[in-house]
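Everything on this sheet refers to the single structure shown next.
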Amino acid sequence: METAATSQPAPASRPLPPDLSRILLDEPTLHARVLELGHQIDLDFADKGPLLVVGVLKGAFIFMSDLTRALTIPHVTDFIALSSYQGDQTSGNVRLLMDTRQNMEGKHVLIVEDILDSGYTLDFLVRTFAQRHPLSVRTAVLLDKPARHVVPVKIDYLGFTIPDVWVVGYGLDYNEHYRTLPFLAEMPPP
Ligand code: IMP
Ligand code: MG
């Protein structure tokens with residue numbers, strides 16, 4: 001039986017689904033920026049001991065996996081799940097659906113989030129984690145929509161600033177759809 005890996009032709013890039021209007025950030029652009037962020041985090045935490053990287057489910061799961069695989073410093077990963085959105089409407093009422101398993105006392109913590117919109121989610125997380133006696137709390141955010149900010153939150157590692165449009169792909173969804181598109185696309189209002 002054939003068990004050795006054989007070279008396969010690269011799959012055709014995924015077409016843009018008809019209800020999405022355009023690709024905002026393509027795969028190479030996302031990949032290159034995530035590598036840059038990983039390199040910066042490597043440098044900043046080089047001599048600081050282990051880093052606890054906490055991905056915010058579900059939207060950050062692809063960014064989290066690419067970013068952590070770009071790190072060469074010692075780190076452990078964990079996840080947290082929150083909810084504040086119904087469809088595309090923010091409620092400002094952030095609920096903790098699943099907490100981290102790792103104790104963050106005495107550790108440097110890096111929160112990995114998909115997008116900063118109103119800021120309620122990340123503000124809630126930074127304040128919640130700060131009460132758990134970590135050495136530090138920093139934030140890595142793939143996308144920032146400055147036009148939508150309600151609560152100010154500091155982003156330490158930012159991927160891209162985007163306009164006030166609904167985006168899907170690379171982990172982000174609309175009613176759970178489109179998360180696994182390899183690129184980031186714009187979804188026009190219904
Ligand atoms: P915030 O609490 O309003 O800052 O919202 C943050 C969360 O809203 C993110 O973690 C996303 O899950 C979700 N979100 C905000 N804007 C978008 C978008 O354009 N597409 C998909 N999800 C979004
Ligand atoms: Mg999210």
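Side-chain atoms are counted along with the backbone in the values below, which use heavy atoms only and exclude waters and symmetry mates. Along the sequence shown, the residues carry numbers beginning at 1. Note that ligands are numbered from 1 as they come in the structure, with each ligand's atoms numbered from 1 the same way.
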Within a distance under 4.0 Å of any heavy atom of [X], pick out the atoms of ligand 1 and give their elements.
X	answer
Lys145	16 (N), 17 (C), 18 (C), 19 (O)
Ser118	1 (P), 2 (O), 3 (O), 4 (O)
Asp117	1 (P), 3 (O), 4 (O), 5 (O), 15 (C), 16 (N)
Thr121	1 (P), 2 (O), 5 (O), 6 (C)
Leu172	20 (N), 21 (C), 22 (N)
Asp173	21 (C)

Could you check if a side-chain atom of [X] sits within less than 4.5 angstrom of a side-chain atom of [Y], using non-hydrogen atoms only?
X	Y	result
Phe129	Ile80	yes
Val137	Ile111	yes
Ile41	Leu51	yes
Tyr178	Leu20	yes
Thr139	Glu113	no

**Report entry** Proximity winner for atom 4 (O) of ligand 1, if only heavy atoms of Gly119, Ser83, Ala60, Gly59 are counted
**Finding:**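 Result: the heavy atom closest to atom 4 (O) of ligand 1 is in Gly119.
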
Query - Val168 heavy atom under 4.0 Å from ligand 1 - result: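 No; Val168 lies far enough from ligand 1 that no heavy-atom distance drops under 4.0 Å.
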
Requested in this report: Check if Val165 has a non-hydrogen atom at a distance under 4.0 Å from any atom of ligand 1.
Outcome: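 Flag set, Val165 near ligand 1.
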
Query raised in the report: Thinking salt bridges, do Asp117 and Lys145 make one under a 4.0 Å N-O criterion?
Result: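 Between Lys145 and Asp117 there is a salt bridge, with a charged N closer than 4.0 Å to a carboxylate O.
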
Query raised in the report: Is ligand 1 under 4.0 Å from a heavy atom in the side chain of Val167, in the backbone, in both, or in neither?
Result: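 Looking at Val167 and ligand 1, atoms from backbone and side chain both fall under 4.0 Å.
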
Query raised in the report: Between Arg148 and ligand 1, which part of the residue brings a heavy atom under 4.0 Å of the ligand: side chain, backbone, both or neither?
Result: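 Neither part.
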
Query raised in the report: Is the Tyr157 ring parallel, tilted or perpendicular to the Phe45 ring (thresholds 30°, 60°)?
Result: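 The arrangement is tilted - the two ring planes meet at 30° to 60°.
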
Query raised in the report: Stepwise, does the salt bridge (Lys or Arg N to Asp or Glu O under 4.0 Å) test hold for Asp114 with Lys58?
Result: CA-CA 9 Å; Asp114 54 358; Lys58 299 179 195 169; over 6 Å; no

